[in-house]
Each structure stands twice: as C-alpha cells, then as structure tokens.
Amino acid sequence: MEFRIEKTDNNSAARLGNITTAHGSFATPVFMPVGTQATVKTLTPEDLYEIGVGIILSNAYHLFLRPGEELVHKAGGLHSFMNWQGSILTDSGGFQVFSLSKLRRINDEGVWFNSHIDGSKHFMTPEKVMEIESKLGADIIMCFDECAPYPCSFEEAERAVIRTSLWAKRCQEAHQNPNQALFGIVQGNVFPELRRRSAADLAALEFPGYAIGGLSVGEPKAEMYATLELTNELLPQNKPRYLMGVGSPEDLLEGVRRGVDMFDCVLPTRLARHGSAYTSRGRITVRNAGFAEDFSPLDPDCNCYVCKNYSRAYIRHLIKAEEILAHRLLSYHNVHFLIHLMGSIRNALKEGEFTRYYREFFDKYRF
RNA sequence: GGAGGGAUACCCAAGCGGCCAAAGGGGGCAGACUGUAAAUCUGUUGUCAACGACUUCGAAGGUUCGAAUCCUUCUCCCUCCA
C-alpha cells in the first residue's frame with residue numbers, strides 16, 4: 001500500500017492525498033461504504049462503481065461466523081467472492097467487542113464470543129483474527145482491538161488501551177500476508193492522557209496507517225471533536241489516518257478539518273433502510289406525511305441516478321408499501337451523497353478553498 | 001316463518017357491573033440510528049381552553065350509587081331449520 005499526500009490545507013489540518021492498493025487507487029479524504037457481510041446492503045458492485053466508490057469495508061468477525069473465511073478463501077478471496085474489484089478494508093471484530101458486549105467475555109489473551117447467529121462459542125485472539133483477515137484477502141486489514149463503551153471509567157478505558165496495544169503488537173507479529181497493509185487502532189475513550197498513551201504505543205510499532213477507534217459510541221460531539229483533534233496531532237504525519245465509524249455529513253467535514261483521511265459509516269445505508277435521505281439542506285425523513293405529494297427529487301442539488309428519475313412522493317410510497325426498491329433507491333442516493341460530498345471536499349482542498357467550502361456547507365446544511 | 005350467534009375506537013379484536021377512554025394486533029403520525037445482531041427500535045394514536053374536563057362501545061328506553069358489561073324494544077349482519 002502506498003500513501004501520498006498531495007496537498008495540505010493552510011488553515012486547518014486537512015490534507016489531500018492518494019492511496020494505492022493492489023486493487024487500484026483512490027483519492028483521500030475518502031468515505032468507505034460499509035458492507036459488513038460482503039455486501040453494501042441493497043447495492044451491487046456496479047452501483048458502487050457508478051457512484052464512484054473506490055474502497056469498501058467488510059468485517060472479519062461476521063464473515064468468520066458466516067460463511068467462514070475458508071469458504072471465502074476457496075472462492076478466491078473476498079474480491080472474487082463478492083465480485084468487487086475495488087479496494088477492500090476489513091474490520092477485525094474489535095467493534096463487535098463493543099456492540100455485542102452482552103455476548104462476549106474478554107481477557108488479555110482474547111475474547112470469547114457467543115455467536116449472535118446460533119449461540120456457538122468462539123475464541124478470538126489477535127493471531128486468529130490475522131489468520132481470518134489474511135484468508136479473506138482485503139487490501140487493508142485492521143488490528144484486533146478493544147473498543148470501550150461510553151461512558152466508561154478511566155480504569156476501564158485504560159485496560160482497553162493496554163490490551164489494544166498488546167494486541168496490536170501480537171497482530172503485527174502474526175501478520176504474514178505481504179499484500180495486506182495492517183493498520184493499528186488508537187483507543188483511549190475521551191481521556192486525553194489515554195489517547196496520548198495509545199497513540200504513542202501504536203506509533204512505536206510503525207504501522208502503515210492508523211485508525212482512531214472508540215469514538216462516536218455515544219459521547220457528546222464536542223468531546224468527540226476534541227479527542228479527534230488531540231489524537232490526530234499525535235499520529236505520524238505521513239501515514240493515513242482513519243476515523244472509524246464516522247459519519248454523518250457534518251462529522252465528515254469536522255473530521256477532514258482535523259486531519260482525517262479515511263472514514264466509514266453504516267449511516268447512509270441504514271438511514272436509507274429506515275426511510276431517511278441526505279440532502280444539501282440537511283437530512284429529511286422521506287417517510288413522513290409531508291412528502292406524500294412532493295414530486296421533486298430527494299435532493300434538488302443532486303444529479304445521481306435516483307434524483308434524476310424518481311420523486312420523493314414515489315419513494316415515500318415505496319417505503320409505506322414496504323417495497324424493497326425504496327431501500328435500494330435511498331441507499332444509492334445516500335451513498336452517492338457522501339461520495340460526492342468527499343469529492344467536493346477534495347476539490348476544495350485542491351483549489352485551496354477548503355475553509356470557504358466548509359463555511360458554505362454549514363450555511364446550507366441543517367442538522 | 002322458526003331457532004341460534006353477533007354488532008366495541010380508522011380496521012381486526014379482547015373485555016361481559018366499579019380497578020375502562022377501554023387489552024392486543026394492524027394501520028396512521030412522529031422520533032432515534034455513526035468500525036451493521038438493524039427492511040430495526042422507541043413514542044404516540046376519542047375531543048378539548050388538556051397533571052383536568054367532556055363525549056364514546058349499533059339505536060332508543062330502563063334497572064343500579066355506578067353500565068361496553070344486566071333488562072326491554074328496534075335496526076342491521078351471519079349460521080342452521082322450514
């Protein structure tokens with residue numbers, strides 16, 4: 001993997017760059033749609049190419065449970081299995097340590113999970129996760145980490161940091177596949193002291209990229225931004241910085257401003273399935289009665305396939321009638337919205353107009 | 001013509017003397033969602049000048065301190081027998 005910084009913003013920590021993997025290159029800052037189970041829900045790879053997606057996310061833990069990494073390996077790896085020729089990043093299952101906390105027990109050696117599918121017991125270790133991620137064959141893979149909840153005590157967050165550092169070292173030692181770039185993940189919750197420690201631990205291991213984990217788990221926005229700012233300052237300048245699980249349009253702007261290069265989030269596709277759409281003026285709930293006779297496109301400023309062909313009224317009808325096309329159209333539009341947003345941000349960075357773009361965005365966008 | 005059964009809020013449907021403005025679904029309306037246990041979850045859904053008041057359980061009368069619940073008549077629906 002290669003990361004090149006092409007330009008840095010004069011008025012913020014934002015930077016314009018490019019990442020090249022075995023499956024092509026993409027410009028940064030980048031938004032990566034999430035396809036946990038080897039599919040960005042409701043969208044085909046062709047849709048994603050058309051939208052301009054360069055890299056997507058998938059999940060080692062979920063694919064390990066079903067269909068199993070061996071099967072994906074037999075299929076020729078994840079790219080071949082799901083017919084996606086762009087880049088792929090796999091998350092390790094560290095987030096499931098947080099989101100499935102009721103179904104797991106953790107110790108320094110690893111994590112016992114009770115499968116949410118059939119209840120079967122599995123022990124995940126950093127070594128095991130590296131083996132799974134290697135078999136899946138993504139271009140960028142994540143260390144197995146412990147994502148602590150919010151709120152949580154200093155001691156609890158500290159334990160997660162120590163464990164995450166320990167596991168990062170073990171992941172690095174177990175990591176064999178030369179075609180995959182292994183990223184470290186900084187934890188530390190909202191405690192500056194712990195973020196500093198975590199960032200220092202990981203930087204010492206010299207990963208090709210660094211993720212900021214454990215944010216957007218319920219903490220107030222101000223805390224998230226402050227933590228992000230602090231953490232980014234501590235990470236190596238010449239390596240990509242990936243803010244995990246973020247975000248909303250406003251968070252993408254705030255993240256870029258603070259020096260983030262990569263983002264991923266389930267929000268565009270989940271909101272789509274729940275009946276909401278992003279627009280240049282803010283998020284709208286198309287499901288609501290007010291749109292019943294609104295024959296305008298989801299976003300008048302959008303030129304995506306959906307906005308060119310379908311109205312809010314029609315999409316609302318599909319939602320109310322529980323037609324799956326609603327999910328598909330809204331997913332397509334929402335992913336397009338974020339991909340297009342990132343494109344505009346990069347363009348502004350290229351022109352040296354990021355600050356102006358930032359201001360104009362928030363002038364229009366209401367949330 | 002005779003014998004039964006039934007009519008409850010937008011719909012279906014419980015309730016069968018006070019704890020009933022009325023269970024539970026559905027539908028409607030709204031909210032939440034950030035490395036996906038999520039086509040999920042939550043709230044709300046008689047009216048109003050609304051921590052209180054008023055009008056509701058096919059219609060009209062009646063019994064009772066008190067009725068969706070008991071009695072009478074009527075209207076409409078369903079089943080069976082002629």
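Residue numbers start from 1 in every chain, and the chains themselves are labelled A, B, ... in the order their sequence lines are given, proteins ahead of strands.
Proximity note for Lys221(A) (side chain, C-beta onward) versus U34(B), A37(B), G35(B): the nearest is U34(B). Closest contact between the side chain of Lys320(A) and the listed nucleotides G35(B), G28(B), G27(B) involves G28(B). For Arg270(A), the side-chain atoms get nearest to U36(B) when compared with the rest of G35(B), U36(B), C29(B).
Side-chain contact, Ser12(A) with Asp9(A): a donor N or O sits under 3.5 Å from an acceptor N or O.
Of the residues in residues 273-299 of chain A, those lying under 4.0 Å from RNA chain B by heavy-atom distance are Arg273(A), His274(A), Ser276(A), Arg283(A), Arg287(A), Asn288(A), Ala289(A).
For the pair Leu89(A) CG and U36(B) P, the interatomic distance rounds to 10 Å; values are reported in whole Å. Across the protein-nucleic acid pair, Leu338(A) atom CG and C33(B) atom P stand 16 Å apart, rounded to whole Å. Remark: P of G35(B) and CG of Leu100(A) are 13 Å apart, rounded to the nearest angstrom. Atoms CD1 (Ile117(A)) and C1' (U36(B)) sit 13 Å apart, rounded to a whole Å. In this structure, NZ of Lys102(A) is placed 13 Å from P of A38(B), rounded to the nearest angstrom. One atom, CZ of Arg241(A), and another, C1' of G35(B), lie 18 Å apart when rounded to the nearest Å. Phe31(A) places its CZ atom 9 Å from the P atom of G35(B), with the value rounded to the nearest Å.
Counting any heavy atom pair closer than 4.0 Å across all strands shown, Leu103(A) reaches a base atom. Among the protein residues, Ile319(A) comes within range of no part of the nucleic acid, since none of its heavy atoms lies under 4.0 Å from any strand. Looking at heavy-atom distances under 4.0 Å, Glu323(A) makes no contact with the nucleic acid at all. Residue contacts shown for Leu57(A) are limited to sugar-phosphate atoms, with no base heavy atom under 4.0 Å away.
Side-chain N/O atoms of Ser99(A) include none lying less than 4.0 angstrom from OP1 or OP2 on G35(B). Contact annotation: Lys41(A) does not reach the phosphate of U40(B) (side-chain N/O to OP1 or OP2, under 4.0 Å). Considering only side-chain N and O atoms, Thr36(A) lies under 4.0 angstrom from the phosphate OP1 or OP2 of U36(B). A sub-4.0 Å separation between OP1 or OP2 of G35(B) and a side-chain N or O of Gln96(A) is absent. Contact between the side-chain N/O atoms of Arg104(A) and the OP1/OP2 oxygens of A37(B) is not found at any separation under 4.0 Å.
Taking the side chain to side chain donor-acceptor pair (under 3.5 Å) definition, one finds that Asp145(A) meets it with Gln187(A), sequence neighbours left out.
Nearest-nucleotide positions on RNA chain B for Gly35(A) and Leu267(A) put Leu267(A) closer to the 5' end. Across the interface with RNA chain B, nearest-nucleotide mapping of Gly245(A) and His327(A) shows Gly245(A) to be the residue nearer the 5′ end.
Nucleotide C10(B) is matched to G26(B) when pairs are restricted to Watson-Crick or G-U wobble geometry with both distances under 3.5 angstrom. The partner of C70(B) is G62(B), by the rule that a Watson-Crick or G-U pair needs both atom distances under 3.5 Å.
Arg356(A) and Glu360(A) are joined by a salt bridge, as a carboxylate oxygen and a charged side-chain nitrogen come within less than 4.0 angstrom of each other. A salt bridge links Glu173(A) with Lys169(A): the closest approach of a Lys/Arg side-chain nitrogen to an acidic carboxylate oxygen falls below 4.0 angstrom.
Each of Trp112(A), Phe64(A), Phe113(A), Tyr61(A) was evaluated against His122(A); a single residue qualifies, Phe64(A), per the ring pair (Phe, Tyr, Trp, His ring centres under 6.0 Å) test.
Ring-plane geometry between Phe144(A) and Trp167(A) is classed as parallel, the angle between the planes falling under 30 degrees on a 0 to 90 degree scale with a further cut at 60. Ring geometry for Tyr332(A) against His336(A) counts as parallel: the plane angle stays under 30°, on a 0 to 90° scale with 60° as the upper cut.
Both the sub-6.0 Å distance and the 45° axial angle are not jointly satisfied by Arg283(A) relative to the ring of Phe367(A).
Taking atom C1' on both C10(B) and U45(B), the two are 10 Å apart, rounded to the nearest angstrom.
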Could you pull out all donor-acceptor pairs under 3.5 Å where a side-chain atom in residues 24-43 of chain A meets a protein atom, sequence neighbours excluded?
unit_1: Thr28(A); atom_1: OG1; unit_2: Gly17(A); atom_2: N; d: 3.3
unit_1: Thr28(A); atom_1: OG1; unit_2: Gly17(A); atom_2: O; d: 3.4
unit_1: Thr42(A); atom_1: OG1; unit_2: Ser331(A); atom_2: OG; d: 3.2

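Side-chain N/O atoms of Asn59(A) and base N/O atoms of G35(B) include no donor-acceptor pair closer than 3.5 Å.
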